[in-house]
Amino acid sequence: MTTTAINSNAITVIVNGERVSRQVPARQHLIDFLRTDLGLMGSHVACEHGVCGACTVRVDGMIVRGCLVLAASLDGSKVETIEGVSDTGEIRDLQDAFIARNAAQCGYCTPAMLLTAADLLAHNPNPSREEIREHLSGNYCRCTGYQAIVDAVETTAKARK
Amino acid sequence: MKAPDFVYERASTLEDAFRLKAKHGDLARWLAGGQSLLAALAFRLSEPTALIDISRIDSLKGITRSDAMVRIGAGTTQARIGASALICQHVPLLAEAIPLIAHTAIRNRGTIGGSLAFADPAAELPACCVALEATLIAQGPKGERKIAARDFFEGVYATALADDELLTAIDIPIVQSGERQVLVELTRRSGDYAMAGIAAVVRREAGKISHARLTYFALGDRPVAASAAEKSLLGRTLDGDAIDAAVRAALGDIDPSGDLNGGPATKRHLAQVVLERALKRIMTDAAQTAA
Ligand SMILES: Cc1cc2nc3c(=O)[nH]c(=O)nc-3n(C[C@H](O)[C@H](O)[C@H](O)COP(=O)(O)OP(=O)(O)OC[C@H]3O[C@@H](n4cnc5c(N)ncnc54)[C@H](O)[C@@H]3O)c2cc1C
Ligand code: FES
Ligand code: FES
């Protein structure tokens, strides 16, 4: 029996504040590295081609699609996931508002929604409902109908003032 | 939905990139933001043997102004371009186009060079570059050459770039006085590729149109210049009659085949809608300036 060696690369990344060094397959996406290699299951994955937004995480402070980034390309980068931002308490108020407004049902889209909403509030502390909808438009939710999510983000923005 | 196996290499300079390309040969591809390429690989639409990451080559990034030109490095992200004060002031067409491309998380990584080299016929930036009469700068192992944007796009996902060439920068003339730049597109959902769209650059001197570049996207196999419509506007005052004439003339400029968004008849109708809206906006803005 012959086996083909899978191409791989060594990376060192800071994940949620912790330094991690690993050998990763060249073709491995960031989202699979986080979930499979590091056991960080809070970031979800669905479409695997950039359309649904479920895999949204932060790289060097910016939100990205975890399914459209190669882990191998991230040597030296800082990665943050929902686990990390939950632990620091950075988005505690947003998370509370999601619970209060029933903005999470099955929860599949929720971690990515939270990170995307946090990104909006960081750049635009006073968004209109239209602007909230626009910023979240790349994140699909199959349960809530979005209304409750927009409510939660709006409530958080108002409360932060 | 997993990509095929390939070798990942990262270039830190242009020389490095060409060396790696020579090493890995024909089936090696440049990897910029990965926002089109990695999605295509997930579908196994192509099976490159190596990806050469050019996203950390500093000389490919940045936006600078010199006299009448703005230069954008090919590796500059769409997000950077959208947030640039230089672009907002001197190339308003791009400032309007960027927020219509996908979503923030994608624009944070996707680059202008990647958009142009990928050459999706429904993409905004190729049409903008044609309407703006931009010059694309390509570099290969044998040196540099300049390609006019209108000559760069050769068909669906096809460009004038040679296999071992990189797009390094885009030179764009800055907006002139009396000029209006407008982009109008129709999409089913925010962030989707357009069903039909137009990038319009119209200049008026002493109330008469002296320059018009109207470039359609999502209405052919590449950005399509509405040449007859452009010609019909020259020397005229921009009023309702001039707009009607241009919209009629534009039908002769396009020959769209149908796609997922509709058949040729629908596409032709949408082409008229976007052109009319673009020209009406320019007319209204002009009236405001005059008042
Ligand atoms: C869900 C989704 C929605 C999208 N919606 C839109 C949209 O509405 N409008 C739109 O325009 N785009 C859209 N895109 C595509 C997005 O804009 C991509 O970022 C862009 O097309 C490619 O840029 P990139 O830097 O990611 O290139 P990559 O994906 O890295 O590369 C794309 C191609 O270009 C080549 N390449 C990259 N850089 C260079 C260079 N400097 N020189 C030579 N070749 C190069 C690569 O080899 C590859 O063949 C969407 C993408 C997704 C996932
Ligand atoms: S899994 Fe990444 S966008 Fe859908
Ligand atoms: S809560 Fe179920 S997908 Fe959004």
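Naming convention: chains lettered A, B, ... in sequence-line order (proteins, then strands); numbering from 1 in each chain. The basis for the numbers below is simple: all heavy atoms, side chains too, and nothing from hydrogens, waters or symmetry mates.
- Annotation: the span from A/Glu130 atom CD to B/Ser190 atom OG amounts to 9.0 Å, rounded to 0.5 Å.
- Judged by distance alone, with hydrogens and angles left aside, the side-chain atoms of A/Asn7 form a donor-acceptor pair with the main-chain N or O of B/Phe6 at under 3.5 Å.
- Here the side chains of B/Lys2 and A/Asp32 are in contact, with some heavy-atom distance below 4.5 Å.
- Between the CG atom in B/Leu38 and the CG atom in A/Leu68 there is a gap of 6.0 Å [rounded to 0.5 Å].
- Between B/His103 and A/Ser137, the closest side-chain pair of non-hydrogen atoms falls below 4.5 Å.
- Looking at B/Leu51, only its side chain comes within 4.5 Å of chain A, counting heavy atoms on both sides.
- Side-chain contact between B/Arg109 and A/Ser73 is present, with at least one heavy-atom pair separated by less than 4.5 Å.
- Atom CG of B/Leu45 is separated from atom NE2 of A/His49 by 10.5 Å, given to the nearest 0.5 angstrom.
- For the pair B/Arg10 and A/Asp75, the minimum side-chain heavy-atom distance is below 4.5 Å.
- Taking CZ of B/Phe43 as the start and CD of A/Glu48 as the end, the distance is 10.0 Å to the nearest 0.5 Å.
- Only one option out of A/Asp60, A/Val59, A/Ile63 pairs with B/Asn108 in a side chain to side chain contact (heavy atoms under 4.5 Å, CB included); it is A/Ile63.
- Both the backbone and the side chain of A/Leu70 come within contact range of chain B, each with at least one heavy atom under 4.5 Å from a heavy atom of that chain.
- Atom CD of A/Glu134 is separated from atom OG1 of B/Thr104 by 7.5 Å, given to the nearest 0.5 angstrom.
- The 12-atom threshold is not exceeded at NZ of B/Lys280, counting heavy atoms of other residues, nucleotides or ligands nearer than 6.0 Å.
- If you measure heavy-atom distances from B/Arg189 to chain A, the contacts under 4.5 Å come from the side chain alone.
- Of the atoms belonging to A/Asp119, it is side-chain heavy atoms, and not backbone ones, that fall under 4.5 Å from chain B.
- Within a 6.0 Å radius of CD in A/Glu18, no more than 12 heavy atoms belonging to other residues, nucleotides or ligands are found.
- Of the listed residues A/Cys67, A/Ser8, A/Ala26, the one with more heavy-atom pairs under 4.5 angstrom with chain B than any other is A/Ala26.
- In terms of heavy-atom pairs under 4.5 Å with chain A, the best-connected choice from B/Ile106, B/Asp192, B/Leu41, B/Asp53 is B/Ile106.
- Contact of B/Leu31 with chain A is made through the side chain alone, with heavy-atom distances under 4.5 Å.
- Looking at A/Val69, the atoms closer than 4.5 Å to chain B (heavy atoms on both sides) sit in the backbone and in the side chain alike.
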